[in-house]
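Both counts, for ligands and for their atoms, begin at 1 and track the order of listing. Note that this is a predicted model, so its numbers are computed, not measured.
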Amino acid sequence: MTGTFVVFEGIEGCGKTTQLERTRLWLQSQTTRPVVVTREPGGTELGQHLRSILLEVSEGESIDDRAELLLYAADRAQHVEQYLRPHLERDSIVLCDRYTDSTVAYQGYGRQLNRELIDRLNAIATNGLEPDLTFWFDVTPEIGLDRAFKRGEANRLEREALDFHHRVRQGYVELAQQHPHRIVSVDGTLSADEVEKTVREILTKRLTSKSART
Ligand code: TYD
């Protein structure tokens, strides 16, 4: 596959979705390669259904932790086969809002499900497709949740207790230590312009070192 797979990760309110959109606009002005944007959950038609099951259940209604894990895995398996691989085979630069690290951080550290089980499921769902680069926008849960709540109504995961979000952030801290080449940590407390500048610098280096196709 000749494409480039870039993932944006972090806790709620870390700024990843804003940065993903800014990166798309900037990249489209820089390269003749196709640049596409997608997300998990919800990057396919099936994924849209799974996303509304996962995020729009009403307060009081619960989803079992293992059922939740399997729904995210189902979304990913469909996304990999129906969207990610076909675009990467066409030489696209694919910018994806969340991927396997979210499952490790949220279901592994947040819900405290077994890490080996999660790694196995991620391997099944991705069929071996790994990102070339992952940006992790790091903010504390206090800052992130404050931003997320100011945006409007909170989804099912945003409503979890602060403890849960601290564990999720710790998940990202440890993932970044385990994958120092793939995961680049960016200080998400900086201004959106400063974060964007950092992202551009890192991407420019990575894209030119991967190939001269930009
Ligand atoms: P997202 O659309 O990024 O929402 P937000 O704007 O709140 O970040 O992600 C949806 C939610 O799904 C988010 O709370 C994180 C959660 N999630 C998991 O728990 N596990 C996963 O594997 C993925 C992909 C997302």
Which residue and heavy atom of the protein sit nearest [atom], plus the separation:
atom: atom 4 (O) of ligand 1; result: Asn155 ND2, 4.1 Å
atom: atom 11 (C) of ligand 1; result: Leu55 CD2, 3.7 Å
atom: atom 9 (O) of ligand 1; result: Arg98 NE, 3.0 Å
atom: atom 21 (C) of ligand 1; result: Tyr72 CD2, 3.4 Å
atom: atom 13 (C) of ligand 1; result: Glu12 OE2, 3.5 Å
atom: atom 20 (N) of ligand 1; result: Gln107 OE1, 2.8 Å

Thr17: heavy atom below 4.0 Å from ligand 1, yes or no?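 No, that is not the case, since the closest heavy atom of the residue is not under 4.0 Å from the ligand.
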Check if Arg151 has a non-hydrogen atom at a distance under 4.0 Å from any atom of ligand 1.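 Arg151 counts as a contact of ligand 1 under the 4.0 Å cut-off.
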Side-chain H-bond candidate by donor/acceptor type, [X] with [Y], under 3.5 Å:
X: Glu142; Y: His166; result: yes
X: Tyr99; Y: Glu9; result: no
X: Tyr106; Y: Arg98; result: yes

Does the side chain of Leu95 reach to within under 4.5 Å of the side chain of Thr38, using non-hydrogen atoms?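 SC-SC contact between Leu95 and Thr38 ruled out.
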Considering both backbone and side-chain atoms of Arg76, is one of its nitrogen or oxygen atoms within less than 3.5 Å of a nitrogen or oxygen in ligand 1?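 For ligand 1, there is an N or O atom that lies under 3.5 Å from one belonging to Arg76.
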N or O pair under 3.5 Å between Arg51 and ligand 1: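 N/O-N/O distance below 3.5 Å exists for this pair.
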Under 4.0 Å from any heavy atom of Leu157, which atoms of ligand 1 are there?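 Listed by number with element, the hits are 14 (O), 19 (O).
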Applying side chain to side chain donor-acceptor pair (under 3.5 Å), can you list everything that pairs with Gln107, at least two apart in sequence or on another chain?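 Result, side chain to side chain donor-acceptor pair (under 3.5 Å) vs Gln107: Glu68.
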I'd like to know if Asp132 and Arg206 make a salt bridge, using a cut-off of under 4.0 Å between side-chain N and carboxylate O.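 Arg206 and Asp132: not salt-bridged.
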Ion pair Arg111/Glu160, N-O distance below 4.0 Å: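 Looking at Arg111 and Glu160, the cut-off is met.
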